[in-house]
Structures are given as C-alpha cells and as structure tokens.
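See structure below.
Whatever order the structure lists ligands and atoms in, that order sets their numbers, starting from 1. The structure displayed is predicted, hence computed values, not measured ones.
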Amino acid sequence: MRAAVFDRFGPPEVLEVRELPDPEPGEGQVRVRVRAAGVQPFDVYARRGEMPFLSITPPSTIGQEYSGVVDRVGPGVTNVRPGDEVLGSTMLNGQASAVVVPAENVVLKPPRLDFPTAAGLVAAGQTATGALGELAVAPDDVLLVHGAAGSVGTVAVQIARLAGATVIGTASAGNHAYLRQLGAVPVEYGPGLVANVRATGLTPTVALDAAGRGAIEASAALGIAPERIGTIVDEKAAAEHGARVVRAPRSPQRLAGVVALAEEGSLTMPIRAYPLAEVAAAHAAVESGHGRGKVVVIVEPRDLAH
Ligand SMILES: NC(=O)c1ccc[n+]([C@@H]2O[C@H](COP(=O)([O-])OP(=O)(O)OC[C@H]3O[C@@H](n4cnc5c(N)ncnc54)[C@H](OP(=O)(O)O)[C@@H]3O)[C@@H](O)[C@H]2O)c1
C-alpha cells in the first residue's frame, strides 16, 4: 500500500508517500481500500510531536478518518462484506491506500454520498454534533459559533439551523457569503468581535468555540452563561471562565447520524481536495488555520462519485 509517513516530527515537508506492506485484518477486523482521507488539526499536532497524551514514535503513519471500500474481512466479522462502501474513524493511519480497523467501528456509506465528502464528515461531523448535544442547543437559542467556516464550524452551523436555532458565525470577510449560504449571520473575528456581534442586534445565548484565541472571553463579555459556553480548543480559558470543554466521544452511532443527515441532503461539506502525492500541501493548508470546509486527501481518484 501507499501511505503518508514521517520519519521525524516537523513541518509538512517531513511527510513522504511510501510503499508499505499491505496490512492484514485479524479477528473482528476489516481492511478498507481507502478512496479519500480527511486531514485535520489533530494531524498537524501529531506530525509536529505536540500531542503530550499520545505516544508517537517516528517513523509513523498518520490520519484519523477515511472512506473507502472493504476488500477483506477477518474471522468473526458479520456486519460488513468485501465490496461494502464505508467510512469511519481510525488512529494515525488513515492517509494511506489501505487501513485495517475494527469491523464494529465502520459505518456504511450511502451511494448518494461521494467518498471525499464522506471522509470529510467523519471527525467534524462527530465533533460538532457531540458539542451541540452537550450544549443542548434548542430552537429558541441564538448560537454564536467561533470559527464557523472551518470544518467543525460548517457542521455546527447547519446542525444548529436544523434544530431551529438562530446562528451567528465568526469568520474572515472572505467567508461571510459562505456563512450566509449556510444560514448564519456572519461577523468578523478579531479585536472588534464583541462589538461586531452586538451590531447584529442579536443576543447570543450559547456559544461553541472552534477557534480559541479569545473566543471564550468574548462569549463571556457578551453575557452568555459560562455553562453554555463550550470549547473544543481552549481548556485553559475554559477553566478560567467556568466554561465547558465539549468533546463528546466518537462512536459509529454518532457518525451514522451524521451520515443520515448528509444522505437526506440536510448537511453539506465543501471539500478542498489534494492528491495523496501532495499530502504535505494538504497538511500545510490545514496548518494555515484558514479556509472553508474540509481538507481531504484523494487516495484513489477513480470512482469517487459513489
Ligand atoms: N476537526 C475536529 O474534529 C476537531 C476535534 C476537536 C478539536 N478540534 C479543534 O477545533 C479547532 C477547529 O477545527 P477545524 O477542523 O474546524 O479547523 P479548520 O477547518 O482549520 O477551521 C479553522 C477556522 O478557524 C477560523 N479562524 C482562523 N483564525 C481565527 C480567529 N482568530 N478567530 C476565529 N476564527 C478563526 C478560520 O476562519 P477563516 O478561514 O475565515 O479565517 C477557519 O475557518 C482546531 O483548533 C482543532 O484543533 C477539531
């Protein structure tokens, strides 16, 4: 198989695509021929050696989410068969042409969902739905999403709108039309954030911080109760302000719920695609901290449509 590998921690350029032996599925496992793999900030921190709670010893493969086609199943697997189109979470090996994962963790990909979008929804979809669930966002809420144009923000805005909430989203000016399309009222982040939110005439009642950099402080300054400010980024500021860290665990059930919404057309994710050979450029795009939707590496370019 071909896989993105790094021999030492460092910038995107430490990544190389290399031939490795095909992994074989053991008891209860399946092998997936990967068509597309998401790239996320987690990968950037892993590649830079900035994951104190995760033991990584280079050389290491990388990647937390994939979509593809099952081509081999291990003993005892009954829920999927070779030929099934699937997606799911994995650990440090998704940006490769094959992954072996526990069969119980894969979710079937509906034909209507293309492979890149499927891969791009795995982490952001679960993170956003889990966070909004913990914040109990309801129809009478005005939700302030910090970092609304990014991968998590893109899902959070749409899920909150589906729940009937009003949404204000922070983004750079270039992403404001995009946020309007998703159904959010856009505001610019930065030093004027609190004033910019006030200028909308809306009073936020709940906030999701997918950006850090003062988002919790701004949410508190806007009068949002600390227990209704949730962050997936800034544990330190959360502790200082009594806000919540809202990182719900991943599960195939949660992912299946996200997939169902995408299948019925209620959830979209714009994809910025790079071939696997340009995995370093894909990482650099995520590392920039700016952009719309999700960065995805295309591992197998044929038949991406279904
Ligand atoms: N992806 C996940 O599943 C996941 C899980 C747990 C935690 N997280 C954390 O959540 C954060 C967001 O993840 P992501 O995958 O959504 O990242 P992403 O797709 O790279 O999006 C980041 C967004 O942040 C916005 N941004 C940049 N500077 C900002 C600032 N100063 N204030 C407010 N917004 C700013 C950017 O908007 P513009 O492009 O308009 O500048 C961009 O759209 C990261 O810190 C990540 O580590 C993510």
Side-chain angles (χ1 to χ4, degrees), residues 12 37-48 50-54 63-66 87-91 94 119-132 134 144-159 168-182 184 186-194 196-197 207-219 230-238 244-251 254-255 258 269-274 282-296:
V39 185
Q40 54 179 294
F42 181 105
D43 303 326
V44 170
Y45 303 131
R47 196 203 64 232
R48 294 201 304 220
E50 295 170 3
M51 287 292 217
F53 304 112
L54 188 66
Q64 303 297 107
E65 49 191 336
Y66 66 88
L87 65 153
S89 299
T90 187
M91 182 50 78
L121 282 169
V122 172
Q126 294 189 78
T127 301
T129 54
L132 294 196
E134 290 198 17
L144 173 59
V145 179
H146 298 272
S151 75
V152 175
T154 288
V155 178
V157 169
Q158 294 173 85
I159 297 288
I168 304 169
T170 78
S172 56
N175 279 326
H176 284 196
Y178 169 64
L179 291 190
R180 273 189 214 99
Q181 255 176 39
L182 293 182
V187 296
E188 194 138 4
Y189 54 70
L193 174 58
V194 170
N196 294 343
V197 173
L208 173 62
D209 166 24
R213 293 166 280 200
I216 292 180
E217 290 82 348
S219 303
T231 184
I232 57 168
V233 179
D234 198 343
E235 292 185 23
K236 186 163 169 278
R244 305 165 61 150
V245 176
V246 283
R247 285 201 195 138
R250 304 205 188 296
S251 75
R254 185 181 299 289
L255 181 55
V258 171
M269 177 67 89
I271 298 298
R272 290 177 279 153
Y274 295 77
H283 274 237
V286 173
E287 198 157 351
S288 79
H290 300 282
R292 181 178 307 174
K294 179 80 186 180
V295 172
V296 165

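- Look at H146 and you'll find every heavy atom at least 4.0 Å from all atoms of ligand 1.
- Residue R247 has no N or O atom closer than 3.5 Å to an N or O atom of ligand 1.
- Considering backbone and side-chain N/O of T170, none are found under 3.5 Å from N/O of ligand 1.
- Applying the 4.0 Å criterion to heavy atoms of R213 picks out, from ligand 1, the atoms 26 (N), 27 (C), 28 (N), 29 (C), 30 (C), 31 (N), 35 (C).
- The N/O atoms of V152, backbone and side chain alike, include one that comes under 3.5 Å of an N/O atom in ligand 1.
- Using a 4.0 Å heavy-atom cutoff, Y45 is listed among the residues neighbouring ligand 1.
- Per-residue contacts place A149 under 4.0 angstrom from the following atoms of ligand 1 (heavy atoms of the residue considered): 43 (O).
- Contact annotation: for A211 versus ligand 1, heavy atoms closer than 4.0 Å belong to the side chain alone.
- Close contacts of ligand 1 with A123, meaning ligand atoms under 4.0 Å from a residue heavy atom, involve 3 (O).
- Ligand 1 places these atoms under 4.0 Å from at least one heavy atom of R250: 3 (O).
- Contacts of P41 with ligand 1, taken as heavy-atom pairs under 4.0 Å, involve the side chain alone.
- Contact annotation: G293 has at least one heavy atom less than 4.0 Å from an atom of ligand 1.
- Per-residue contacts place G289 under 4.0 angstrom from the following atoms of ligand 1 (heavy atoms of the residue considered): 22 (C), 23 (C), 24 (O), 25 (C), 26 (N), 27 (C), 36 (C), 42 (C).
- Contact atoms of ligand 1 toward A171: 40 (O) (distance under 4.0 Å to a heavy atom of the residue).
- For H290, heavy-atom contacts with ligand 1 shorter than 4.0 Å involve the backbone as well as the side chain.
- Every atom of ligand 1 is numbered from 1 in the order shown, and the set under 4.0 Å from a heavy atom of T127 is 2 (C), 3 (O), 4 (C), 5 (C).
- Contacts between V233 and ligand 1 below 4.0 angstrom, taking non-hydrogen atoms only, involve the side chain exclusively.
- For G153, no nitrogen or oxygen atom sits less than 3.5 Å from a nitrogen or oxygen atom of ligand 1, counting backbone and side chain alike.
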